[in-house]
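Both counts, for ligands and for their atoms, begin at 1 and track the order of listing. For this chain, numbers begin at 1 and follow the sequence in order.
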Amino acid sequence: MNIDADSRGVDRLQERKVHSMKLRDLAGDQFPEIEAQLEGPAGLLDISGLSSDSRHVAPGNAFVAVAGTKADGAGFIADAAGRGAAVAIASQAVETSIPVLAVKEPRRFLSIAASRFFGRQPETMVAVTGTAGKTSVASFTRQIWAHAGHAAAMIGTTGVVSPTRNEYGALTTPDPVSLHKLLAELAGEGVTHAAMEASSHGLDQSRLDGVKLAAAAFTNLGRDHMDYHPTVEAYMAAKMRLFQLLPKGAPAVIFADDPWSAQAIKAAADAGHDVRTVGRKGDYLTLKRVEHFRHKQTAEIHIDGEIFEVDIPLAGDFQVANALVAAGLAMSTGVEPKVAMAALEKLVGASGRLELVGHTKDGALAYVDYAHKPDALENVLGSVRPFTTGRVVVVFGCGGDRDRGKRPIMGEIACRLADVVIVTDDNPRSEEPAAIRAEIMAAASGASEIADRAKAIREAVGMLRSGDTLIVAGKGHEEGQTIGSVTLPFSDHAEVRKALEELQS
Ligand SMILES: CC(=O)N[C@H]1[C@@H](OP(=O)(O)OP(=O)(O)OC[C@H]2O[C@@H](n3ccc(=O)[nH]c3=O)[C@H](O)[C@@H]2O)O[C@H](CO)[C@@H](O)[C@@H]1O[C@H](C)C(=O)N[C@@H](C)C(=O)N[C@H](CCC(=O)O)C(=O)O
């Protein structure tokens with residue numbers, strides 16, 4: 001196979017050939033609309049790989065034409081043929097020099113064919129969807145499995161983590177070809193358990209359709225991706241596709257305290273799954289009580305009549321929710337409750353998720369968090385309040401070329417929940433940064449504005465007093481600031497650390 005992922009998850013070729021497969025074996029029996037053609041000469045074509053980008057087609061590849069937001073891949077079939085594609089799969093047959101097979105859902109074909117081409121995945125795989133918490137749940141599930149003695153991996157926004165890997169990944173849910181190549185490699189490396197994040201884009205674009213899942217989870221729904229999904233209902237429907245991918249009767253773990261949980265429970269039940277709810281309103285794992293301390297929370301969790309008092313070494317109510325969902329997934333794949341509960345006491349936060357970067361000499365805490373959506377900002381600011389004896393200080397901005405509606409909403413939330421608010425730039429992209437800040441400031445009375453993000457962080461760190469908590473929100477694990485079309489190196493984590501060091505010197 002000669003395909004890899006480039007920096008945005010698009011197929012990229014490497015001059016490397018691993019094996020080939022007959023087209024009819026790639027398609028299997030899931031596409032009745034092309035069965036007749038697969039019985040003819042087209043079915044016997046040797047396929048050396050798959051690509052959905054004509055620019056990356058190598059001789060002998062199957063080119064799968066998918067409709068995107070800007071173009072329809074069908075317009076590039078001739079280009080793919082010119083580069084040596086053996087066959088094209090598209091939503092409609094077109095006249096060209098290579099056979100073109102018409103399937104109803106080309107993106108689904110790509111996923112199924114990729115899973116058959118690479119042929120292996122870790123034996124036990126779970127996926128989690130929801131607006132917030134996916135990365136933490138995938139990471140915590142991996143950690144609980146590892147604690148239970150399994151060779152476990154996670155795949156998500158922060159990349160791939162396994163016993164032998166800690167790699168950056170471009171997409172939350174990788175494109176199907178990169179994904180199945182990765183899954184086969186992980187299985188080859190001995191990984192038996194893998195937890196992955198299912199983004200709404202990934203679900204909508206059928207990226208997970210070839211993955212065999214043992215269980216799936218839903219965390220919550222908030223305002224996000226309104227530039228992609230026409231309505232919040234459409235966004236929820238995309239998330240609920242996960243339960244259609246899950247084999248009937250498999251466990252569906254749902255965080256019961258979210259307002260959207262009733263819909264998720266219904267979707268999972270309608271699909272015939274074994275619904276397992278977690279949270280204060282949960283039946284499978286019931287949260288009875290939480291006590292907040294500076295660096296930990298003590299949770300009383302009831303499981304099947306047994307009571308566990310668990311010290312979770314992370315701040316934030318939402319981390320307790322994420323820990324419960326992860327424990328639900330791990331237990332649904334065979335981990336004993338007491339092993340799962342013991343693992344929660346050892347959890348390490350996912351990178352950039354309410355990550356404690358350091359503290360000032362007199363004990364003010366400085367955190368970095370990925371919150372770049374209204375609900376996430378609300379959660380993170382609300383989470384630090386219980387243990388903040390001084391002021392909550394927040395530095396944040398909103399990205400350019402993305403959902404504009406969230407800007408004033410986030411301005412209002414920040415001013416309502418924090419004592420000091422500094423509005424700064426966060427990936428302005430092609431927009432005028434001052435105009436983005438003005439849209440936030442319009443609803444952020446009392447906030448100050450510092451365009452330069454490094455300067456904003458220095459100012460915020462410089463004003464910290466004993467008992468204060470600083471949240472630098474928006475970038476989390478990310479390592480760049482995109483201005484225009486250029487991404488300059490930038491890390492909130494590094495800037496906070498630098499500012500803290502300057503303060504101590
Ligand atoms: C917005 C979005 O999801 N875009 C996806 C879409 O790309 P597109 O709409 O830009 O594609 P297009 O330019 O219209 O082209 C259509 C097709 O023609 C092909 N083409 C194009 C030109 C050419 O010369 N030849 C050719 O074959 C393209 O490769 C593509 O397959 O179809 C592509 C192929 O399937 C995807 O790779 C691409 O995801 C891009 C990489 C992306 O950045 N997606 C992000 C938004 C995303 O998925 N994010 C979620 C997480 C979000 C979150 O939770 O924050 C994720 O899972 O990471």
Side-chain angles (χ1 to χ4, degrees), residues 3-13 50-58 61-83 85 88-91 105-111 114 127-138 155-160 168-179 196-209 211 219-230 235 238-239 241-242 352 370-373 375-376 399 401-403 406 426-427 429 474-478 482 487:
I3 290 175
D4 246 326
D6 78 5
S7 62
R8 285 313 285 161
V10 179
D11 306 342
R12 189 180 40 159
L13 295 173
L50 291 151
S51 180
S52 60
D53 192 323
S54 63
R55 293 162 292 193
H56 301 149
V57 161
N61 279 186
F63 171 64
V64 184
V66 302
T69 49
K70 297 186 283 291
D72 186 344
F76 303 106
I77 293 176
D79 184 36
R83 293 171 199 259
I89 288 82
S91 60
E105 298 172 275
R107 283 191 185 272
R108 185 172 150 71
F109 180 92
L110 184 65
S111 289
V128 54
T129 196
T131 303
K134 295 186 293 295
T135 303
S136 294
V137 170
I155 301 164
T157 313
T158 51
V160 184
Y168 173 74
L171 291 171
T172 296
T173 305
D175 73 273
V177 178
S178 309
L179 175 62
M196 60 178 300
E197 292 183 48
S199 68
S200 59
H201 292 76
L203 288 163
D204 187 55
Q205 294 169 15
S206 302
R207 291 181 207 160
L208 284 129
D209 286 23
V211 179
T219 56
N220 52 51
L221 195 85
R223 185 189 173 92
D224 202 12
H225 303 308
M226 289 300 118
D227 46 348
Y228 182 88
H229 302 286
Y235 176 41
K239 298 255 174 230
R241 268 210 84 221
L242 181 60
Y370 188 47
H372 56 280
K373 314 157 194 169
D375 298 22
D401 305 334
R402 299 285 187 277
D403 181 13
K406 73 178 183 183
D426 185 351
N427 295 335
R429 301 191 179 88
K475 291 199 179 292
H477 63 284
E478 287 177 2
T482 309
T487 301

Practice item. Give a yes or no on whether the backbone of T129 and the side-chain of K134 come within a donor-acceptor separation of less than 3.5 Å. Key: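 No, the answer is negative, given that no donor and acceptor are paired below the 3.5 Å cut-off.
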Geometry only, no angles: is [X] polar-contacting ligand 1 at N/O separations under 3.5 Å?
{"X": "Y228", "result": "no"}
{"X": "D72", "result": "no"}
{"X": "H372", "result": "no"}
{"X": "K134", "result": "no"}

Check your understanding: Considering all heavy atoms of both residues, which atom of A74 and which atom of A65 are nearest to each other, and what is their separation?
Key ->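 Looking at all heavy atoms of both residues, the shortest contact is N-CB, 3.4 Å.
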Are [X] and [Y] packed together at the side-chain level, in the sense that at least one heavy-atom pair is separated by less than 4.5 angstrom?
{"X": "N427", "Y": "E478", "result": "yes"}
{"X": "D375", "Y": "N220", "result": "no"}
{"X": "P174", "Y": "I155", "result": "yes"}
{"X": "R241", "Y": "S206", "result": "yes"}

Which atoms of ligand 1 have any heavy atom of [X] under 4.0 Å away?
{"X": "H201", "answer": "3 (O), 46 (C), 47 (C), 48 (O), 49 (N), 50 (C), 52 (C)"}
{"X": "F63", "answer": "27 (O)"}
{"X": "K70", "answer": "9 (O), 10 (O), 12 (P), 13 (O), 14 (O)"}
{"X": "V66", "answer": "16 (C), 17 (C), 31 (O)"}
{"X": "G73", "answer": "18 (O)"}
{"X": "S54", "answer": "23 (C), 24 (O), 25 (N), 26 (C), 27 (O)"}
{"X": "D53", "answer": "25 (N), 26 (C), 27 (O), 29 (O)"}
{"X": "S199", "answer": "50 (C), 51 (C), 56 (C), 57 (O)"}

Counting heavy atoms only, name the option from [options] that's nearest to [atom].
{"atom": "atom 14 (O) of ligand 1", "options": "S52, A71, S178", "result": "A71"}
{"atom": "atom 51 (C) of ligand 1", "options": "V64, T172, V177", "result": "T172"}
{"atom": "atom 2 (C) of ligand 1", "options": "E197, K373, Q205, R402", "result": "Q205"}

Check your understanding: Taking the non-hydrogen atoms of R107, is any one of them nearer than 4.0 angstrom to ligand 1?
Key ->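 It does, in that a heavy atom of R107 comes within the 4.0 Å cut-off of ligand 1.
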Check your understanding: Would you say D175 contacts ligand 1, with heavy atoms under 4.0 Å as the rule?
Key ->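 The answer is no: ligand 1 sits nowhere under 4.0 Å from a heavy atom of D175.
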**Study point:** Residue pair Y228, T69: steps toward the side chain to side chain donor-acceptor pair (under 3.5 Å) verdict
**Key:** CA-CA 9 Å; Y228 182 88; T69 49; over 6 Å; no
Practice item. May I ask you to check whether S54 and D79 show a side-chain donor-acceptor distance below 3.5 Å? Key: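 A pair is found: one side chain offers a donor N or O, the other an acceptor, under 3.5 Å apart.
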Review point. Does Y370 have any ring pair (Phe, Tyr, Trp, His ring centres under 6.0 Å) partners at least two apart in sequence or in another chain, and if so, which?
Key: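 Listed in chain order: H372, H477.
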Point to revise | Residues D53 and R55 bridged, charged N to O under 4.0 Å | key: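 Yes.
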Show me, pair by pair, the donor-acceptor contacts under 3.5 angstrom made by side chains of residues 196-203, not counting sequence neighbours?
residue	atom	partner	partner atom	Å
E197	OE1	T135	OG1	3.2
E197	OE1	T157	OG1	2.9
E197	OE2	T135	OG1	2.8
E197	OE2	T157	N	2.9
E197	OE2	T157	OG1	3.4
S199	OG	T173	OG1	3.4
S199	OG	G202	N	2.9
S200	OG	H229	NE2	2.9

